[in-house]
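Quick notes on the structure that follows.
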Amino acid sequence: MNKKKIWLSTPHMGGNEIKYIQQAFDTNGIAPVGDNLVNLEQDLEQFLQSSAQVTLLNSGTAAIHLGLILLGVEAGDEVICQSLTFSASANPILYLGAIPVFIDSELETWNLCPIVLEEAIVDRISKGKKPKAIIAVDLYGMPYQVEAVRAVADKYSIPILEDSAEALGSTYKGKKCGTFGDIAVFSFNGNKIITTSGGGAIITKKKSLKEKALFLATQSQDKGVPHYQHSEIGYNYRMNNISAGIGRGQMEVLDINLVLRKKIHQFYLNLFKDIAGVSVFDAPPDDYSSNYWLTTILIEPDLTEGISREDVRLALLEENIESRPVMKPMHLQPLFEKFPYYGGQNAREIFENGLCLPSGSNLSDEECERIKTVILDLFKEAS
């Protein structure tokens, strides 16, 4: 493999990140306090609107963990979670000693199916265990069925934790993802649409919850005493000021990155439009706008002369191009397979036939041509 690696999604620096990092050094703001943290939180709140209250943390996983705590989840409680997602959506349920209840996807957005969601809630209640929270994911940047899921959640008075780790900049009816849940989270991992190297954020609707999240994230140090005193379990979850500086620079190019990701998505729509048996996962019309953090395809071997998801993945790999199967559903994972699952085979079939393609906002025209050549050669051989 002498050809340069094409990655699934890499960091895309705008250039001004170093300015904010230097400011942190110039002011000796190297700890988890400083102007970069305050300003990045304000930048995100202004971007999200909807009275969002943002607290920066060191990962999206930490944000989910604290979000569940703020929603009152304790050991023995049940938490409903979308099955077709990354394990970070579900792992914090286990951190708390709670029980995940997994739900199948609907095929329009690949996210939490509202019909199955209600069926699961009714069944859990009949068993004497009303779920304490619902984790709804904006998978690959695609908003879930916001109104339908909210209607079910409100009907049974169960709060929603919106996992928008991958969905910064996506919208539903013009409103930003990260504002639909009672609590929401973002990830700023190195492969996301903007990055702080590592990091995340928890979004609440009340300032009091923001203050509580910050309290928990900084070891729950009691106020009003001169010494270290702790009355609650605390966590070392606060983002540092240097990472926040990277984030400030990244916020300056977020809108550009969103345009570029959609351009890459359009490239794939054009590439596969005449290839039978391959469909590009696209946002439903009108109300939905995805950031297309990753563009994904579904491959139906019955219609492609037998070419499967793995055939495409391996053909790309042969040319040093990274692609990756769609997330393996949580209810099929060894860690989670013993927990309740509701639904049919949608999540399983999306996993078995779905492939994520290189989608970085810094993907060059030359790299797109390399990908195009591999795809067209593979399907030409089968025709």
Side-chain angles (χ1 to χ4, degrees), residues 10-49 52-67 69-70 88 92 164-166 168-169 176 178 183-204 206-230 232-257:
T10 61
H12 189 183
M13 296 294 100
N16 277 341
E17 294 84 0
I18 195 68
K19 176 179 72 174
Y20 298 109
I21 294 171
Q22 189 62 51
Q23 285 180 11
F25 275 88
D26 291 343
T27 59
N28 203 29
I30 310 302
V33 292
D35 289 345
N36 285 333
L37 284 161
V38 173
N39 284 300
L40 180 54
E41 287 177 344
Q42 291 175 348
D43 288 346
L44 287 163
E45 288 170 358
Q46 185 175 0
F47 178 78
L48 293 172
Q49 298 293 308
Q53 300 286 322
V54 175
T55 306
L56 292 170
L57 304 173
N58 58 19
S59 71
T61 310
I64 293 174
H65 187 195
L66 292 191
I69 292 172
L70 292 177
S164 293
E166 303 163 356
L168 182 64
K176 300 285 199 315
I183 288 175
V185 308
F186 287 122
S187 170
F188 305 123
N189 196 18
N191 62 1
K192 296 302 187 290
I193 196 154
I194 66 167
T195 184
T196 57
S197 180
I202 183 168
I203 300 94
T204 61
K206 297 178 181 178
K207 190 172 182 179
S208 59
L209 286 178
K210 174 177 177 171
E211 291 170 349
K212 182 67 173 181
L214 181 58
F215 171 74
L216 293 169
T218 52
Q219 299 291 14
S220 298
Q221 298 177 38
D222 290 350
K223 307 297 182 184
V225 292
H227 53 273
Y228 290 119
Q229 180 166 299
H230 310 272
E232 301 181 44
I233 295 174
Y235 306 91
N236 186 16
Y237 280 171
R238 184 62 160 157
M239 182 183 286
N240 67 71
N241 197 45
I242 294 176
S243 293
I246 298 172
R248 290 183 71 187
Q250 287 276 280
M251 282 298 292
E252 293 181 3
V253 295
L254 173 58
D255 288 340
I256 296 171
N257 287 358

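- Listed here is the closest heavy atom pair of Phe215 and Gln221: CE1-O, 3.2 Å.
- Judged as a side chain to side chain contact (heavy atoms under 4.5 Å, CB included), and not counting sequence neighbours, Lys223 has no contacts.
- Listed by first and then second residue, the side chain to side chain donor-acceptor pair (under 3.5 Å) pairs that reach into residues 22-33 are Gln22-Asp26, sequence neighbours excluded.
- Side-chain contact between Phe186 and Val54: absent, with no pair of heavy atoms (C-beta onward) separated by less than 4.5 Å.
- Under the ring pair (Phe, Tyr, Trp, His ring centres under 6.0 Å) criterion, Phe47 pairs with no residue, sequence neighbours left out.
- Side-chain N or O atoms of Gln49 include one that pairs as donor or acceptor with a backbone N or O of Gln46 at under 3.5 Å.
- With sequence neighbours excluded, the residues satisfying salt bridge (charged side-chain N to carboxylate O under 4.0 Å, His left out) with Glu41 are Lys210, Arg238.
- In the displayed structure, Lys206 atom NZ is contacted under 6.0 Å by at most 12 heavy atoms of other residues, nucleotides or ligands.
- Nearest heavy-atom pair across Glu45 and Ala52 is CG-O, 3.2 Å.
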Considering only distance and modelled atom types, tabulate donor-acceptor pairs under 3.5 Å from the side chains of residues 56-64, sequence neighbours left out.
unit_1	atom_1	unit_2	atom_2	d
Asn58	ND2	Asn236	O	3.0
Ser59	OG	Thr61	N	3.4
Ser59	OG	Ala62	N	2.9

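- Inter-residue side-chain proximity for Val33 and Asn241 is flagged as unmet; no heavy-atom pair is nearer than 4.5 Å.
- When every heavy atom of Ser164 is checked against every heavy atom of Gly178, the shortest pair comes out as OG-N, 3.2 Å.
- Taking both residues in full, the closest heavy atoms of Thr55 and Ala213 are given as OG1-CB, 4.2 Å, listed atom of the first, atom of the second, then distance.
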Cut-off 3.5 Å, no hydrogens considered: what does the side-chain donor-acceptor table look like for residues 244-257, sequence neighbours left out?
unit_1	atom_1	unit_2	atom_2	d
Arg248	NH1	Asn36	OD1	2.9
Gln250	OE1	Thr195	N	2.9
Gln250	NE2	His12	O	2.9
Gln250	NE2	Glu17	OE2	2.8
Glu252	OE1	Asn16	ND2	2.7
Glu252	OE2	Tyr20	OH	2.5
Asn257	ND2	Ile193	O	3.2

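- Qualifying side chain to side chain contact (heavy atoms under 4.5 Å, CB included) partners for Asp35, counting only residues two or more places apart in sequence or in other chains: Asn39.
- Take His230 and apply the side chain to side chain donor-acceptor pair (under 3.5 Å) test, not counting sequence neighbours, and it matches no residue.
- Gln219 places none of its side-chain heavy atoms less than 4.5 Å from the side chain of Tyr228.
- Annotation: side chain to side chain donor-acceptor pair (under 3.5 Å) contacts of Thr196 (sequence neighbours excluded): none.
- In this structure, Asp43 CG and Leu48 CG are separated by 11.0 Å, a value rounded to the nearest 0.5 Å.
- With sequence neighbours excluded, the residues satisfying side chain to side chain contact (heavy atoms under 4.5 Å, CB included) with Ser187 are Ala165, Asn189, Lys192.
- Within the 4.5 Å cutoff, the side chain of Leu37 has heavy atoms near those of the Met239 side chain.
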Check the pair Phe188, Leu40 against side-chain contact (heavy atoms from CB on, under 4.5 Å), reporting the backbone distance first and the verdict last.
CA-CA 12 Å; Phe188 305 123; Leu40 180 54; 5.5 Å; no

Trace of the side-chain contact (heavy atoms from CB on, under 4.5 Å) decision for Ile202 with Leu70
CA-CA 11 Å; Ile202 183 168; Leu70 292 177; 3.9 Å; yes

